[in-house]
Amino acid sequence: MQSFNKIIIPGGSGFLGQVLIKYFLGKGMEVVVLSRKPGMVNGNLKYVFWDGENLGDWAKELEGAKAVVNLAGRSVDCRYNEKNKKAIYDSRLNSTAVLGKVIANCKKPPEVWINAASATIYRHAEDRPMDEETGEIGTGFSVDVCKKWEALFNEIEVPGTRKVLMRLAMVFGKAGGVMVPFKNLVKFGLGGQQGKGTQYMSWLHENDFAEIISWMIQNESAIGIYNCSSPNPIPNKEFMNAFRLAFDQKIGVPATEWMVKFGVFLMRTEAELILKSRRVVPTRLLKDGYKFQFTKIKEALADLTD
Ligand SMILES: NC(=O)c1ccc[n+]([C@@H]2O[C@H](COP(=O)([O-])OP(=O)(O)OC[C@H]3O[C@@H](n4cnc5c(N)ncnc54)[C@H](OP(=O)(O)O)[C@@H]3O)[C@@H](O)[C@H]2O)c1
C-alpha cells in the first residue's frame with residue numbers, strides 16, 4: 001500500500017537530514033533514514049542499514065513510500081587528496097545508482113525521488129547571476145563531481161517516479177553545517193571579508209530548505225533541476241558584515257587570499273569553498289510559485305541567532 005506518510009532519507013544522519021527529520025516528524029510523517037550506522041528507532045523515526053552502494057534489505061523500505069530524498073555523500077569539507085576525491089565521487093555516484101536500481105524495481109515505486117546536487121556546478125561568477133536556464137557550467141574538480149552526479153541521476157529511468165534535482169547553495173541552520181565555521185570565525189574577531197570580498201555567497205535558510213523539499217513533494221509539476229538558494233546572493237564583504245552584525249561583533253579582521261589559503265590548509269579543507277564566487281539564483285522556484293520565508297541575509301541570521 002502507498003504510504004502517503006513515509007519519507008525515506010538516504011544519508012539523513014547528517015546536517016540536512018536532521019533538519020528534514022525534525023520537519024517531517026513535526027508534520028506527523030514517518031521517516032526512514034538509510035545510514036551506515038543503523039539501529040535507532042524512535043516513534044515515527046527509524047534508522048535502517050545500507051552501505052550506500054549495494055542492494056540489501058533496506059530496499060523494501062522504498063516500496064510504496066511517498067518520497068525519497070537522497071542526501072548521501074562524503075563531506076566536501078576536506079583536503080582534495082586522491083583518497084578523499086575518490087570518496088567524494090563514489091559516495092554520491094554509488095548511492096544514486098543503487099537507489100535508481102531499487103526504485104526502478106519497486107512494485108509500488110515512491111511518488112518522487114529528490115536527489116541532492118550542488119550550486120557549485122556553475123562557474124565562478126561575479127558578473128551576472130546563474131540560473132537553471134542561462135547559467136554557465138564551470139570547470140575543476142568540484143564541478144566535475146557535480147556534472148557526473150547530475151548526469152547519472154538524469155540518465156536513470158524510473159517511469160513510475162517523478163525525479164527532482166536540487167542544486168543546493170550553502171544551507172545555514174541553527175545546529176550545524178556551514179554555520180559553525182562562520183560563527184566561530186566571527187566570534188574570534190576573524191569575520192572580516194575573505195579574499196577580495198567581491199566573490200558572491202549563495203545561501204539558504206534551513207526553514208526554506210525543508211519547505212522547498214515539502215513543496216517539491218507536494219507539487220506534482222515539480223520535475224528536473226531547481227536551484228535551491230535564496231533569491232539574493234550577496235558579495236562576501238556584505239555577507240561577513242551581516243554576520244558580524246548578527247553576532248554583535250565589532251571586530252572583523254579581514255583575511256587576504258593567501259591567509260585564506262594558509263588557514264584552510266591548517267584546517268585541512270579547501271580555499272575554493274570560500275573564494276569561489278557562487279552567484280546562483282532560484283529562477284525556477286520563483287517562477288513555479290515557491291514563496292521564500294527568508295530572502296535577506298540579515299533577517300535569516302537574525303532568526304538563526306535569536
Ligand atoms: N549542507 C549544505 O550546505 C550543502 C550545500 C550543497 C550541497 N550539499 C549536499 O547535500 C548533501 C547533504 O549535505 P549535508 O550537509 O547533510 O552533509 P553531511 O552532514 O556530511 O551528511 C551526509 C551524509 O552522507 C552519508 N555519507 C557520508 N559518506 C558516505 C559514504 N561514503 N557512503 C554513503 N553515505 C555516506 C553520511 O551518513 P551515514 O554516515 O549515516 O551513512 C552523512 O550523514 C551532500 O551530498 C552535500 O554535498 C549540502
Side-chain angles (χ1 to χ4, degrees), residues 8-23 31-40 45-56 58 68-78 80 83-99 114-122 141-150 152-153 164-183 201-210 212-213 225-230 233 239 269-270 272-274 276 278 280 282 300 304:
I8 315 294
I9 315 182
S13 63
F15 165 60
L16 293 182
Q18 297 307 302
V19 173
L20 288 190
I21 290 169
K22 194 169 158 203
Y23 178 87
V31 178
V32 176
V33 170
L34 301 184
S35 167
R36 293 162 307 158
K37 302 168 231 112
M40 205 258 271
L45 173 64
K46 179 166 80 169
Y47 279 61
V48 171
F49 175 78
W50 83 328
D51 65 1
E53 53 186 76
N54 292 298
L55 297 174
W58 59 269
V68 175
V69 184
N70 180 23
L71 299 174
R74 194 242 185 268
S75 171
V76 294
D77 183 11
C78 59
Y80 294 165
K83 184 169 165 253
N84 289 342
K85 278 183 177 175
K86 184 172 178 338
I88 287 171
Y89 277 113
D90 287 353
S91 55
R92 287 169 175 75
L93 301 181
N94 295 343
S95 59
T96 302
V98 75
L99 284 168
I114 302 171
N115 219 58
S118 171
T120 206
I121 195 165
Y122 296 106
F141 166 68
S142 310
V143 169
D144 190 59
V145 172
C146 295
K147 278 163 66 178
K148 293 201 165 87
W149 198 9
E150 290 198 6
L152 174 66
F153 180 70
V164 189
L165 190 106
M166 41 178 184
R167 287 182 177 163
L168 282 166
M170 280 192 274
V171 181
F172 286 84
K174 283 190 177 163
V178 284
M179 185 70 164
V180 178
F182 276 99
K183 189 162 86 179
M201 311 283 291
S202 285
W203 59 275
L204 184 65
H205 187 291
E206 61 180 351
N207 288 11
D208 276 312
F209 168 70
I212 287 169
I213 300 272
I225 298 170
Y226 282 89
N227 285 351
C228 298
S229 63
S230 83
F239 190 84
T269 183
E270 291 285 335
E272 179 197 329
L273 298 172
I274 295 169
K276 179 171 176 182
R278 295 177 175 89
V280 176
L304 293 171

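In listed order, ligands and their atoms are each counted from 1. By convention here, the first residue in the shown sequence is residue 1.
Residue L168 holds the heavy atom nearest to atom 9 (C) of ligand 1 of all those in D77, L168, V33. If you check each of A116, S142, S229 against atom 10 (O) of ligand 1, the one with the closest non-hydrogen atom is A116.
Near M170, the atoms of ligand 1 lying under 4.0 angstrom from a non-hydrogen atom of the residue are 3 (O). Under a 4.0 Å criterion applied to the non-hydrogen atoms of A72, ligand 1 contributes the atoms 24 (O), 34 (N), 45 (O). Taking every non-hydrogen atom of K37 and a distance limit under 4.0 Å, the qualifying atoms of ligand 1 come out as 38 (P), 39 (O), 40 (O). Residue W149 has at least one heavy-atom neighbour below 4.0 Å for each of these atoms of ligand 1: 45 (O). Of all the atoms in ligand 1, the ones that sit under 4.0 Å from a non-hydrogen atom of S35 are 38 (P), 40 (O), 41 (O). Of all atoms in ligand 1, numbered sequentially from 1 with element shown, those under 4.0 Å from a heavy atom of A117 are 7 (C). Ligand-side atoms of ligand 1 in range of R92: 44 (C), 45 (O), 46 (C), 47 (O), range being under 4.0 angstrom from any heavy atom.
In terms of protein heavy-atom proximity, atom 19 (O) of ligand 1 is closest to F15 N, 2.9 Å. In this structure, atom 21 (O) of ligand 1 lies nearest to the protein heavy atom G14 CA, 3.4 Å. When hydrogens are left out, the protein atom nearest atom 25 (C) of ligand 1 is G73 N, 3.9 Å; that is the closest non-hydrogen contact. Among all protein heavy atoms, the one lying closest to atom 44 (C) of ligand 1 is L71 O, 3.7 Å. Nearest protein neighbour of atom 27 (C) of ligand 1, counting heavy atoms only, is R36 NH2, 3.2 Å. Summary of contacts: the protein heavy atom closest to atom 2 (C) of ligand 1 is V171 N, 3.9 Å. Ranking protein heavy atoms by distance to atom 32 (N) of ligand 1, first place goes to S91 CB, 3.7 Å. Given atom 16 (O) of ligand 1, the protein heavy atom at minimum distance is L16 N, 2.8 Å.
Within the 4.0 Å heavy-atom criterion, neither part of A87 lies near ligand 1. When non-hydrogen atoms are compared, ligand 1 lies under 4.0 Å from neither the backbone nor the side chain of A119. Contacts between S13 and ligand 1 below 4.0 angstrom, taking non-hydrogen atoms only, involve backbone and side chain alike.
At least one side-chain heavy atom of P10 sits less than 4.5 Å from a side-chain heavy atom of V68. Side-chain contact between E272 and V76: absent, with no pair of heavy atoms (C-beta onward) separated by less than 4.5 Å.
Listed here is the closest heavy atom pair of T120 and S142: CG2-CB, 4.0 Å. Considering every non-hydrogen atom in both V280 and S229, the closest pair reads O-OG, 3.2 Å. Contact record, H205 with N207: ND1-N, 2.8 Å, taken as the closest heavy-atom pair.
Heavy-atom contacts from other residues, nucleotides or ligands closer than 6.0 Å to NZ of K22 number 12 or fewer.
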>> Quick one, K276 with V143, criterion side chain to side chain contact (heavy atoms under 4.5 Å, CB included). Give me CA distance, side-chain angles, the key distance, then yes/no.
In response: CA-CA 11 Å; K276 179 171 176 182; V143 169; 3.7 Å; yes
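Atom CE in M201 sits 8.0 Å away from atom CZ in R278 (nearest 0.5 Å). Rounding to the nearest 0.5 Å places OG of S75 at 9.5 Å from CG of N84. Interatomic distance, OH of Y226 versus CG of L165, reported as 11.5 Å (0.5 Å rounding). Distance CD/E206 to CE/M179: 9.0 Å, rounded to 0.5 Å. A distance of 6.5 Å separates CG of L34 from CH2 of W58, quoted to the nearest 0.5 Å. M170 contributes atom CE, which lies 4.5 Å from atom CZ of F182 (distance to the nearest 0.5 angstrom).
Within the 4.0 Å cut-off (strictly below), a protein heavy atom is located near atom 47 (O) of ligand 1.
In summary, the aromatic rings of F15 and F209 are positioned with their centroids too far apart to meet the 6.0 Å limit.
When only interatomic distances are considered, the shortest N/O to N/O separation between G52 and ligand 1 does not fall below 3.5 Å.
Within the 4.0 Å heavy-atom cutoff, P10 does not count among the residues contacting ligand 1.
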